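Structure first, then comments.
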Amino acid sequence: KNSWSEKPWAPNVPWRNYLSEKNKKIAAANKKRIHKAVAESFESVDVNDYAYIDGKVAKKSIADLKKLKKTGKPFFLAVGFRKPHLPYNHPKKYWDMYEGKNIPPADNPYPPKDAPAVSIHNSFELRVYTDILDTGKIPDSKAKQLKRAYYACVTYVDKLIGEVIDSLKSLGLYDNTIIVLIGDHGYQLGEHTMWTKHSNYELSLRAPMLFRVPGMKKNAVVKSLAEFVDIYPTLCELTGLKIPKTVEGKSFAPLLTGEKNKITEAVFSRFKDGESVRTERYLYTEYRDKNEKLYAKMLYDHQKDPEENVNVVNRPEYKKVVSKLAKLLEEQRKRFYR
């Protein structure tokens, strides 16, 4: 908290922010229970955009921008939206936008062939909700509801982000402001049997990252590996600030200007026992216990298998690839974890 000029702010409402009387009663009754301690996984209530947490965050952010405009000084404003995090609560008009739309199930609702058991979870983050079965496959009818509610939340928060950006324009700040939009992780909607995140698969590890920099090319797609630790040095370079020696990551400003087409050969991630390295073609993961003993691993060839449906880690033709990626992981492990 001491790193910020102002204390962080959040609306003074329950974190899951149910508005329907039905869900508020269920949540109140389950408040002291460890399991099923919340209400339903989503609700669609006929309210305006500012009734839920994210609407309040948008309004506060716009008010902050007006205040910052008056100072006439450079600023950094971090805006955190909750959705599309569970529960997928949203104003009803966004649910109605997907009425009659084709919402298909996941293309691969099964574990990858030869995948280690540790790589698959029971979608525990979803299971705590009262309308979700404790175990087993999520029924197709419920899966369709969940995806529709998820889409509604994405559309809802997209609209709110648009309001914040519009306020930059109306305040005359848009042409001199860098905008960064990120999500804190990827997401699975039934792929490989799993919902939400908490896995070492691409869908959980890969997250959105968009930069809008005044004067740079619009609507450009940069096909290069990057990590969230690269954001800080990138913003330093773009704003003319000195990059501290203690900062991890590399500035990818040269990717945005077109000077380079890559800044690194590999990026890394970690979730619990699983440590992963991603190159342009492969995603390799090792699972180690608390004593650092290797007990499972997996490799996916994105050139041949972009949906990661076949673990090829033990196939002889990938032996050299596994050896190279394992070495990269070990080097990363020595740098940061030991």
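Treat the numbers as computed from the prediction; the structure is a model and nothing was measured.
- Residues N108 and E191 bring no donor and acceptor atom of their side chains to less than 3.5 Å of each other.
- Aromatic rings of Y94 and Y151 (six-membered ring for Trp) have centroids beyond the 6.0 Å cut-off, not under it.
- Y318 and D301 are linked by a side-chain donor-acceptor pair at a separation below 3.5 angstrom, with hydrogens and angles left out of the test.
- More than 12 heavy-atom neighbours from other residues, nucleotides or ligands sit within 6.0 angstrom of CG on D289.
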Name each donor-acceptor pair under 3.5 Å that joins a side chain in residues 61-77 to protein atoms two or more places apart or in another chain, with its distance.
residue: S61; atom: OG; partner: V57; partner atom: O; Å: 2.7
residue: D64; atom: OD1; partner: K60; partner atom: NZ; Å: 3.1
residue: D64; atom: OD2; partner: K60; partner atom: NZ; Å: 3.1
residue: K67; atom: NZ; partner: E6; partner atom: OE2; Å: 3.0
residue: K69; atom: NZ; partner: L171; partner atom: O; Å: 2.9
residue: T71; atom: OG1; partner: L68; partner atom: O; Å: 2.7
residue: T71; atom: OG1; partner: K73; partner atom: N; Å: 3.2

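- Using a distance-only test at 3.5 Å, with no hydrogens or angles considered, a donor-acceptor pair links the side chain of N48 to the main chain of A51.
- Residue R206 qualifies as open at atom CZ: its count of foreign heavy atoms under 6.0 Å is 12 or below.
- With a 4.5 Å cut-off on side-chain heavy atoms, K142 and I132 count as touching.
- For A220, the side chain to side chain contact (heavy atoms under 4.5 Å, CB included) partners at least two apart in sequence or on another chain are K217.
- Remark: aromatic rings of H85 and W15 are close, center separation under 6.0 Å.
- Look at K92 and D96 and you find a salt bridge, because one of the NZ, NE, NH1 or NH2 atoms lies within 4.0 Å of a carboxylate O, short of that distance.
- Checking E40 against T130 by side-chain atom types alone, no donor-acceptor pair falls below 3.5 Å.
- Between H198 and F271, the distance separating the two ring centers is shorter than 6.0 angstrom.
- Ion pairing of K59 with E163 is absent here, as no side-chain N (NZ or NE/NH1/NH2) approaches a carboxylate O to less than 4.0 Å.
- With a 6.0 Å radius and a threshold of 12 heavy atoms from other residues, nucleotides or ligands, E317 has its CD atom above the threshold.
- Ion pairing of E286 with R270 is absent here, as no side-chain N (NZ or NE/NH1/NH2) approaches a carboxylate O to less than 4.0 Å.
- Side-chain contact of S44 with H90: a donor-acceptor pair under 3.5 Å is present, judged by distance alone.
- Aromatic rings from F42 and W95 are positioned such that their centres are separated by under 6.0 Å.
- There is no side-chain donor-acceptor pair under 3.5 Å between R16 and N89.
- Residues I138 and L146 meet the side-chain proximity criterion, which asks for heavy atoms closer than 4.5 Å.
- Between the side chains of Y300 and N309, no donor-acceptor pair of N or O atoms lies under 3.5 Å.
- Of the listed residues (N314, N311, V312), just one forms a side chain to side chain contact (heavy atoms under 4.5 Å, CB included) with D114, and that residue is N311.
- Under a 3.5 Å cut-off, the side chain of T239 and the backbone N or O of L235 do form a donor-acceptor pair.
- Other residues, nucleotides and ligands contribute more than 12 heavy atoms inside 6.0 Å of the NZ atom of K24.
- Considering only heavy atoms from C-beta on, I103 comes within 4.5 Å of K147 through its side chain.
- At a threshold of 4.5 Å between non-hydrogen side-chain atoms, the residues C236 and I243 count as touching.
- For the pair I231 and M209, the minimum side-chain heavy-atom distance is below 4.5 Å.
- Looking only at distances, a side-chain donor or acceptor of D305 sits under 3.5 Å from a matching main-chain atom of V310.
- For the 3.5 Å distance criterion, the side chains of T285 and N200 fail to qualify, holding no donor opposite an acceptor.
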Before giving the answer on side chain to side chain contact (heavy atoms under 4.5 Å, CB included), spell out for R278 and S276 the whole-Å C-alpha distance, their side-chain angles and the decisive distance to 0.1 Å. CA-CA 7 Å; R278 178 72 155 91; S276 302; over 6 Å; no
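- For E280, the CD atom counts as loosely surrounded, since its 6.0 Å shell holds 12 or fewer non-hydrogen atoms of other residues, nucleotides or ligands.
- Between the E43 side chain and the Y18 main chain, no donor and acceptor come within less than 3.5 Å of each other.
- By the 4.5 Å heavy-atom criterion applied to side chains, L126 and S41 are counted as neighbours.
- Taking the centre and axis of the six-membered ring of Y174, the NZ or CZ atom of K169 falls inside the cone set by 45° and 6.0 Å.
- Between F211 and F252, the angle of the ring planes goes over 60°, which puts this pair in the perpendicular group of the 30/60° scheme.
- Side-chain atoms of T193 and K137, non-hydrogen and from C-beta on, never get closer than 4.5 Å to each other.
- For Q188 and S199, the side-chain atoms include at least one donor-acceptor pair closer than 3.5 Å.
- When only modelled atom types and interatomic distance are considered, Y201 and S119 share a side-chain donor-acceptor pair under 3.5 Å.
- Residues D49 and K93 are paired through a salt bridge, judged by an N-O separation under 4.0 Å between the basic side chain and the carboxylate.
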